[in-house]
Amino acid sequence: MLSFINKHSAPLLMVAGIIGFIFPNVSKTVFPTLPFILFFLMLFTLLGIKQEQLIKQLMRRSVWSYACLHSIGLTLIAASLLWLLNAPTSLFIAVTAVTATGTLFATPAIAKTLGYDVLHAMALTIASTLMMPLVLFINLTLLQDDAVKLDLVEYIQRLVIFIIGPMAISSFCYNTINREKLVYIHGQLSKFTVLLIFAFPLGLVAPLREMFNRSFNDGLYYLMLGMLLCVVFFTVTFLCYHRYNKANATLFAITATNRNVLLTYTIASSYLGTEYLALMAAIQIPTYALPVIVKARAKLKSQPSPNVEHKKAE
């Protein structure tokens, strides 16, 4: 069963989001457990990474140039589109809060299910998360009449619990446990990691269903907006990196699309408004549909064309 789930994890992630949408009570039940699930997801992922290598990766210029594109670059692009569409300030606030948001902490585990470099994905995730408060503060200050004050205490607590804590535990395990035994333990835990990822699309979509219940048109509007944002994030990032780094262009694009919107809401909820809550839920389904599209595209590219097969037969 676990091998089947791991093999088909991409479509099953999308199915989990759809289940949460169809059964909002299930989604609401899972939601309070997400912080605990996230801690173990980060820990299990980091156990397979030597922390010295992760720190070296974080020192690379390319990681921080990506973080700038992830937060600042995509904010400017999204804001330009909203300006051309003459969008209201409330929508500007919601969208630019999403564009300032760092990468979803579950992204390295998702990258692993797709066969991408977990170490690189983890470095991109941490860099974009560290950059998030500064860009979020600037975005909100420019759009708010009142002075903006982010809950940095909560932000630091989240960093300690979900990044620094698992890194410290992983480093301790590397220094105290026999390497072969640690590799075996991580291999066994990895089989269950994908099960933890399912909780995120399942637990975050209830607000979108509630919006559909109140107004079908409003729900459809925010779902389409969420899909548009995900397409813009993925496409712009993929095109930016495809020319220079074809091997990792898709990884960069997925990382840019996966957004830790719950963390942003935690530290700035009083400034974001109801539009952000709706958008936070609306981007879940398109976000988790991306791995399905990426896997399908990779499968199509790996198949030989009929002309090639015909020539071989000749």
Side-chain angles (χ1 to χ4, degrees), residues 13-14 16-21 24 26-35 37-38 70-71 74-75 78-79 82 87-107 110 125 128-129 132-133 135-136 139-140 143-144 150-151 154-155 158 162 197-215 218-234 254-290:
L13 280 169
M14 186 174 65
I18 294 171
I19 291 172
F21 179 81
V26 174
S27 181
K28 291 177 183 178
T29 302
V30 173
F31 179 78
T33 68
L34 292 182
I37 293 172
L38 180 57
H70 178 103
S71 300
L74 292 175
T75 290
L82 291 171
T89 302
S90 58
L91 192 59
F92 258 95
I93 292 172
V95 171
T96 56
V98 172
T99 56
T101 298
T103 300
L104 185 69
F105 288 158
T107 298
I110 295 171
T125 299
S128 63
T129 302
M132 183 264 282
V135 180
L136 180 62
N139 290 356
L140 291 176
L143 294 168
Q144 294 274 357
L150 303 180
D151 190 348
E154 181 72 25
Y155 171 74
R158 297 266 173 161
F162 298 121
I197 305 174
F198 291 145
F200 292 90
L202 181 63
L204 287 171
V205 297
L208 179 63
R209 174 57 189 272
E210 291 173 351
M211 177 158 285
F212 267 94
N213 290 342
R214 290 193 297 270
S215 169
D218 286 350
L220 187 61
Y221 169 79
Y222 280 102
L223 179 59
M224 296 301 292
L225 179 59
M227 291 174 66
L228 177 62
L229 281 178
C230 288
V231 169
V232 169
F233 294 161
F234 186 93
I254 291 173
T255 307
T257 307
N258 292 353
R259 298 271 164 165
N260 196 353
V261 285
L262 188 57
L263 176 59
T264 298
Y265 183 74
T266 299
I267 70 170
S269 57
S270 58
Y271 305 103
L272 299 178
T274 55
E275 287 87 351
Y276 181 82
L277 267 177
L279 199 53
M280 180 177 79
I283 65 173
Q284 298 307 313
I285 292 177
T287 293
Y288 289 100
L290 266 178

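We count residues from 1, following the sequence as given.
With contacts defined as side-chain heavy-atom distances shorter than 4.5 Å, the pair L262/F31 qualifies. Between L140 and L272, some side-chain heavy-atom pair lies under the 4.5 Å cut-off. Put simply, the side chain of E275 does not reach to within 4.5 Å of the side chain of I93, judged on heavy atoms.
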- Take L263 and F105, measure what side chain to side chain contact (heavy atoms under 4.5 Å, CB included) needs, and give me the verdict at the end. CA-CA 10 Å; L263 176 59; F105 288 158; 4.2 Å; yes

- side chain to side chain contact (heavy atoms under 4.5 Å, CB included) between M211 and L277, worked out: CA-CA 10 Å; M211 177 158 285; L277 267 177; over 6 Å; no

- Evaluation steps, side chain to side chain contact (heavy atoms under 4.5 Å, CB included), between M132 and I267: CA-CA 11 Å; M132 183 264 282; I267 70 170; 3.9 Å; yes

- Message: With side chain to side chain contact (heavy atoms under 4.5 Å, CB included) as the criterion, how do Y276 and T264 come out once you've worked through the C-alpha distance, each side chain's angles and the decisive distance to 0.1 Å?
- Response: CA-CA 10 Å; Y276 181 82; T264 298; 3.3 Å; yes

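At distances below 3.5 Å, at least one donor-acceptor pair connects side-chain atoms of N139 with backbone N or O atoms of T96. Checking side-chain atoms of H70 against main-chain N and O of F233 turns up no donor-acceptor pair under 3.5 Å. A donor-acceptor pair is defined here as one N or O able to donate and one able to accept, closer than 3.5 Å; no such pair exists between the side chain of T33 and the backbone of T29.
Taking CG of L279 as the start and CG of L91 as the end, the distance is 7.5 Å to the nearest 0.5 Å. With rounding to the nearest 0.5 angstrom, the CG atom of D151 is 10.0 Å from the CZ atom of R158. Rounded to the nearest 0.5 Å, atoms OG1 (T255) and CZ (F234) are 10.0 Å apart. Rounded to the nearest 0.5 Å, atoms CG (L204) and CD1 (I285) are 11.0 Å apart. The CE atom of M280 sits 12.0 Å away from atom OG1 of T274, with the distance rounded to the nearest 0.5 Å. Residue N213 holds its CG atom at 9.5 Å from CG of L208, rounded to the nearest 0.5 Å.
V135 approaches S71 most closely through the heavy-atom pair CG2-CB, 3.7 Å. Across T287 and C230, no two heavy atoms sit closer than the pair OG1-SG, 3.6 Å. Nearest heavy atom pair, residue R259 against residue T101, reads NH1-O, 3.0 Å. Here the shortest heavy-atom pairing between T89 and L143 reads CG2-O, 3.7 Å. Residue F162 comes nearest to P35 through the heavy atom pair CE2-O, 3.1 Å, listed as atom of the first residue, atom of the second, then distance. The minimum heavy-atom distance between L223 and A282, with the atom names listed, is CD1-O, 3.8 Å.
Between the side chains of T266 and E154, no donor-acceptor pair is found at a separation under 3.5 Å. No hydrogens or angles considered: a donor-acceptor pair under 3.5 Å links the side chains of S128 and T103.
Within 6.0 Å of the OH atom in Y155, the count of heavy atoms belonging to other residues, nucleotides or ligands exceeds 12.
Ring planes of F212 and F21: perpendicular class, angle over 60° (limits at 30 and 60°).
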